[in-house]
Amino acid sequence: MTLATGRTAFMQDGQYDFNRIEKKWQDFWLAHMTFRTPDGSDPAAAGKPKYYVLDMFPYPSGAGLHVGHPEGYTASDIVARYKRMRGFNVLHPIGWDAFGLPAEQYAVQTGTHPAQTTQKNIDNMRRQIQALGFSYDWDRQVDTTDIGYYKWTQWIFLKFYNSWFDEVQQKARPIEELPIPDEIQSQGDEAVRNYIDSQRLAYESYAPVNWCPALGTVLANEEVVGGVSERGGHPVIRKPMRQWMLRITKYAERLLEGLNEVDWPESIKKLQQDWIGKSVGAEVDFKVVGHDAALRVFTTRPDTLFGATYMVMAPEHPLVEQITTLEHKEAVTAYRQQAATKSDLDRTDLSKEKTGQFTGAYAVNPVNGEKIPIWISDYVLISYGTGAIMAVPAHDDRDFEFAKKFNLPIIQVVRPDDPELAKEAAAERLCFTGDGTAINSGQFDGLSTPEFKEKITTWLEEKGLGKKAVNYKLRDWLFSRQRYWGEPFPILHTEGGQVIAMDESELPLGLPDVDDFRPTGTGEPPLAKATDWVNVTLPDGTKARRETNTMPQWAGSCWYYLRYTDPKNAAAAFDSEKEKYWLPVDLYIGGAEHAVLHLLYSRFWHKLLYDLGYTSSPEPFKKLVNQGMILGEDNQKMSKSRGNVINPDAVIEQYGADSMRLYEMFMGPLEATKPWSMQGVEGVHRFLNKVWRTIIDTDSGAPTAAIQDVPADEETTRLLHQTIKKVTEDIEGFGFNTAISQMMIFINHLARRNVRPKEVVETFVLLLSPFAPHIAEELWQRLGHCDTLAYAPWPTYDPQLCKAKEVELAVQVLGKIKDKIVLAADADEQTIRQKALASNKVQAAMNGKTPKKVIVIKSRLVNIVV
RNA sequence: GCCGGAGUGGCGGAAUUGGCAGACGCGCGGGAUUCAAAAUCCCGUCCUGGCAACAGGGUGUGGGUUCAAGUCCCACCUCCGGCACCA
């Protein structure tokens with residue numbers, strides 16, 4: 001028997017052979033560059049609105065993809081495919097956040113170069129991602145460890161280094177435009193240079209950092225969990241060390257305000273707001289008795305100034321030394337030493353019990369001239385506000401606790417409106433921190449808390465005793481790591497101790513090849529061992545050393561979404577026309593674990609680039625959606641040690657990528673945390689099998705005889721239009737699980753029919769295609785189409801056709817359902833009422849009583865009140 | 001301790017945002033098909049009582065608003081996530 005080859009393929013392939021089908025279409029998409037994305041200037045994009053769907057790019061770990069990755073990636077892929085069918089020019093890229101500690105630790109253990117490990121891991125993860133059939137434009141991949149990429153990460157760093165923040169304009173400006181005050185100018189070149197350095201947005205600092213002796217490296221706060229390193233659980237101590245910092249604090253207000261412009265989950269915005277931690281209050285100066293010095297404090301409760309009975313400085317406060325009296329010197333010094341060696345954790349841990357020392361000095365309360373003692377205690381942090389506080393024990397829990405412990409006076413200055421509370425507070429049994437009415441406050445008595453705050457702030461300003469002030473919890477960003485596998489800083493240190501930055505034209509500065517990746521253990525980074533690289537001779541013949549710190553992993557991920565718009569540009573980080581066309585990102589999907597840091601840092605970088613004219617929008621990510629966590633089948637977090645990790649490769653092999661994708665979407669709401677279930681995968685796999693059998697004759701491989709070119713019956717038409725409506729609206733609203741349910745309902749209906757109108761079947765295939773693209777493409781082809789369905793127009797529905805002709809209404813008597821009646825959908829209220837009251841069961845339930853009120857909710861129910 | 005989020009069948013979850021609780025899927029029970037099994041198809045499946053029609057109860061707990069509450073209000077309990085003396 002001879003048949004055309006095309007037919008033969010059909011004949012042999014009657015069953016739903018997902019492995020073969022998926023491979024076939026993945027190859028097809030790659031070979032035909034189906035998802036190549038034209039830029040705005042490309043004729044292929046003409047007349048199409050743009051849509052940018054971004055995934056948080058993965059770290060290419062040796063363990064490969066876990067099932068959490070495909071969740072967000074499938075969601076974004078569904079949206080990307082849907083938007084393409086709706087006529088959008090869609091940018092949907094992927095890349096690799098490939099610098100980072102794991103590859104370096106592996107290098108330390110085995111001597112394998114991190115670049116090798118990274119390449120191997122990227123190749124493996126790319127294979128896994130491609131096996132899921134995501135519609136990425138593979139020509140736009142970025143790799144943060146690629147020198148063609150990190151050249152521009154270094155370039156952005158230089159932008160930070162070469163900029164200052166203009167407080168008046170509230171924006172960054174090139175350092176050349178920095179006005180030099182006359183008194184600095186007059187002090188000579190070095191003073192000018194120091195002044196300029198002090199204004200740069202990237203600067204060096206010797207602040208104490210989290211030093212982990214076991215890892216031989218400094219850790220960021222977020223890498224320290226519960227006082228030990230997140231990775232490895234080693235102890236961490238505080239140690240002052242030279243670091244590069246980025247002046248993110250200058251952007252605190254704009255980062256806060258920008259949140260009002262974005263469509264993000266409220267919970268994420270709240271996390272960022274809390275992290276920035278803005279508070280408004282006043283700064284007040286307290287004169288120190290017997291010294292020509294004043295102690296400046298920040299308070300959010302200037303209305304409680306009359307209740308300040310003592311002061312507390314952080315142990316590190318510079319004034320401590322100066323004002324401590326001889327007789328208290330020893331105890332104070334001991335206390336300071338103790339505080340200095342404690343880690344942050346120890347300080348908070350041990351501070352369940354307040355500790356402190358009296359300095360022997362006194363300050364004068366500017367509002368009433370009272371002499372009050374000055375203490376030091378580690379419950380006051382040097383890094384927040386002014387590093388000193390006025391203590392108002394009657395109205396601050398911490399001060400209250402401290403005062404009780406050290407027997408310091410407590411003076412009520414706010415009376416609670418609740419008399420019961422007022423009694424308790426007066427008896428010093430509780431500390432009242434809320435709003436109330438002022439007492440014991442001289443001429444301010446009787447004012448409400450908010451009024452008082454306003455009045456006294458003005459009063460303080462008039463008297464020159466203080467002023468309104470704003471503080472933020474946000475700290476500058478510690479931007480250097482003592483590691484090998486990161487971007488090198490384009491910075492040199494001269495023999496004379498000067499810092500000079502490389503010129504942009506000298507970039508990139510490549511990482512040197514080394515074969516010993518171990519930390520030096522002294523805190524000096526591994527790069528210090530690459531002496532050939534480190535030591536340089538400057539054009540003037542003098543010697544210099546390269547910066548040996550490297551950038552943290554966040555660096556590369558701060559701007560990768562910009563590079564996707566122009567990934568191969570060798571002359572610039574990205575072309576501004578392309579940036580203008582694609583940005584902002586319309587939809588950003590990723591895990592909530594990046595809610596604060598990654599999203600805050602990239603917003604910060606984006607704003608700098610915006611200030612300098614490189615980006616056109618103030619915010620990078622318009623809409624943000626967080627996918628939830630996927631737990632193991634035992635409802636526990638997936639982990640190797642629990643042995644409950646699901647391997648995507650195994651799932652794909654057994655059920656196929658389409659089943660995997662569909663299951664991940666069917667599990668539940670995208671944002672929810674939910675457990676994995678292999679039986680659930682089996683369930684959606686059965687659904688796809690059923691779709692296949694409903695359309696394909698499993699003997700011949702051709703469409704079944706049930707598929708005919710005939711118009712659809714009324715019921716099928718209605719269900720089809722309802723399904724188009726539901727699937728469309730659910731994709732728009734990220735309700736993928738319910739969209740799938742609807743498709744199941746539809747196919748259950750269709751499978752029962754002996755005649756399946758071809759047009760209806762084709763419409764269904766299009767609806768299914770964003771979710772399960774491989775099977776959809778295959779069905780589309782077998783239904784007689786020659787080209788991919790990726791750009792076929794998305795089906796539309798007719799709202800009239802969605803409506804049922806007849807509806808069933810529940811009839812309640814006093815809120816309890818007694819009967820159900822069937823009526824024409826357009827029946828008027830009068831008819832409904834009559835029919836409802838005519839029901840025997842309803843009559844019986846009413847028990848002869850007359851209806852007092854009949855509530856009719858059209859096409860829903862009737863409720864009779866008797 | 002503070003700030004978020006969530007509690008609905010045996011399980012994952014639906015519920016037009018105040019209008020028939022449990023869609024869809026899993027699991028389970030029964031039947032058909034088969035020599036048998038897998039696969040598939042059909043029926044059933046919130047709980048209690050009853051052969052049944054049916055009756056009663058039911059969305060973490062207790063109260064409230066309403067003709068009507070999973071949904072709104074008050075108080076509480078449990079679980080998950082984040083923060084950690086931020087003046």
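Naming convention: chains lettered A, B, ... in sequence-line order (proteins, then strands); numbering from 1 in each chain.
A:Lys690 comes within 4.0 angstrom of sugar-phosphate atoms only, judged by non-hydrogen atoms across all strands, and of no base. Residue contacts shown for A:Glu682 are absent, as no nucleic acid heavy atom lies under 4.0 Å away. At a threshold of 4.0 angstrom between heavy atoms, the contacts of A:Ser383 with the nucleic acid are absent. Note on A:Leu271: only backbone sugar-phosphate atoms sit closer than 4.0 angstrom, heavy atoms only; bases stay farther off. Among the heavy atoms of the strands lying under 4.0 Å from A:Ile817 are primed sugar atoms or P, OP1, OP2 only; no base atom is included. Here A:Lys858 lies out of heavy-atom contact (under 4.0 Å) with every strand. No contact: A:Asp399 has no heavy atom under 4.0 Å from any strand. As judged by a 4.0 angstrom heavy-atom cut-off over every strand, A:Ile745 is placed among residues touching the sugar-phosphate backbone only. Within 4.0 Å of A:Ser677, counting heavy atoms only, lies no atom of the nucleic acid at all.
Proximity of A:Arg686 to the phosphate of B:rC26: a side-chain N or O atom is located under 4.0 Å from OP1 or OP2. Phosphate proximity of B:rC41 to A:Arg752: absent, as no side-chain N or O sits under 4.0 Å from OP1 or OP2. Phosphate proximity of B:rA14 to A:Asn737: present, with a side-chain N or O under 4.0 Å from OP1 or OP2. Phosphate proximity of B:rA87 to A:Thr386: absent, as no side-chain N or O sits under 4.0 Å from OP1 or OP2. Here A:Lys726 does not reach the OP1 or OP2 of B:rA14: none of its side-chain N or O atoms lies under 4.0 Å away.
For the 3.5 Å distance criterion, the side chains of A:Thr355 and A:Tyr335 qualify, holding a donor opposite an acceptor. No side-chain donor from either of A:Thr698 and A:Arg693 sits under 3.5 Å from a side-chain acceptor of the other.
Only the C1' atoms considered, B:rC11 is 27 Å distant from B:rU17, to the nearest whole Å. Spacing between B:rG64 and B:rA14 at atom C1', rounded to whole Å, works out to 28 Å. Between B:rG30 and B:rG82, the two P atoms lie 46 Å apart (nearest whole Å). Between B:rC26 and B:rG9, the two C1' atoms lie 13 Å apart (nearest whole Å). To the nearest whole angstrom, the two P atoms, one in B:rC28 and one in B:rA39, are 11 Å apart.
Of all nucleotides listed (B:rC20, B:rA87, B:rA14), B:rA14 comes nearest to the side chain of A:Thr738. Comparing B:rC24, B:rG19, B:rG57 against the side chain of A:Asn748 picks out B:rC24 as the nearest. For A:Tyr384, the listed nucleotide lying nearest its side chain is B:rA87; candidates were B:rG4, B:rA87, B:rC20. Of all nucleotides listed (B:rG12, B:rA14, B:rC67), B:rC67 comes nearest to the side chain of A:Ile855. In this structure, the nucleotide among B:rG27, B:rG4, B:rC3 sitting nearest to the side chain of A:Gln679 is B:rG27. Listed nucleotides: B:rC20, B:rA15, B:rC3. Nearest to the side chain of A:Asp274: B:rC3. Checking B:rC67, B:rG19, B:rA87 against every side-chain atom of A:Leu861, the shortest atom distance belongs to B:rG19. Of the candidate nucleotides B:rC67, B:rU40, B:rG13, B:rG13 has the atom nearest to the side chain of A:Pro675.
Taking a pair to require two hydrogen-bonding distances under 3.5 Å in either a Watson-Crick or a G-U wobble arrangement, B:rG49 pairs with B:rC54. Both distances falling under 3.5 Å, in either a Watson-Crick or a G-U wobble arrangement, place B:rA32 opposite B:rU40. Summarising the base pairing, B:rC72 is matched to B:rG64 through a Watson-Crick or G-U wobble pair whose two defining distances lie under 3.5 Å. The partner of B:rA15 cannot be assigned: no Watson-Crick or G-U wobble pair with both contacts below 3.5 Å exists in any strand. Look at B:rU59: it lacks any Watson-Crick or wobble partner with both distances under 3.5 angstrom. If you check B:rG7 for Watson-Crick or wobble pairing at under 3.5 angstrom, you find it paired to B:rC77. Across all strands shown, B:rC2 forms a Watson-Crick or G-U wobble pair, both distances under 3.5 Å, with B:rG82.
Taking 90° from 0 as the syn/anti boundary, the base of B:rU8 is oriented anti. Anti is the conformation of B:rG10, whose glycosidic angle sits further than 90° from 0.
Remark: the backbone N or O of A:Arg296 is paired with a side-chain donor or acceptor of A:Thr386 at under 3.5 angstrom.
Checked against the 6.0 Å centroid threshold, A:Phe18 and A:His685 count as a close aromatic pair.
The two residues A:Thr300 and A:Val280 come nearest to each other via the heavy atoms CG2-O, 3.7 Å.
With hydrogens and angles ignored, a donor-acceptor pair closer than 3.5 Å exists between the side chain of A:Lys820 and the base of B:rC20.
The interatomic distance linking A:Asn863 (CG) with B:rG18 (P) rounds to 17 Å, in whole Å. In this structure, A:Ile268 places its CD1 atom 12 Å from P of B:rC83, rounding to the nearest Å. When rounded to the nearest whole Å, the span between CD of A:Gln722 and P of B:rA14 equals 20 Å.
Aromatic ring pairs are classed by plane angle as parallel below 30°, tilted from 30° to 60° and perpendicular above 60°; the pair A:Phe736 and A:Phe734 is perpendicular. Ring pair A:Tyr601/A:Trp477 is parallel by interplanar angle, where below 30° counts as parallel and above 60° as perpendicular. Between A:Tyr310 and A:Phe402, the angle of the ring planes stays under 30°, which puts this pair in the parallel group of the 30/60° scheme.
Judged by a 6.0 Å distance limit and a 45° cone about the ring axis, A:Lys278 is not positioned over the six-membered ring of A:Tyr472.
Mapped onto RNA chain B by nearest heavy atom, A:Lys270 and A:Lys637 fall at different nucleotides, with A:Lys270 at the one closer to the 5' end. Toward the 5′ end of RNA chain B lies the nearest nucleotide of A:Gly815, the other residue of the pair A:Leu474 and A:Gly815 mapping further downstream.
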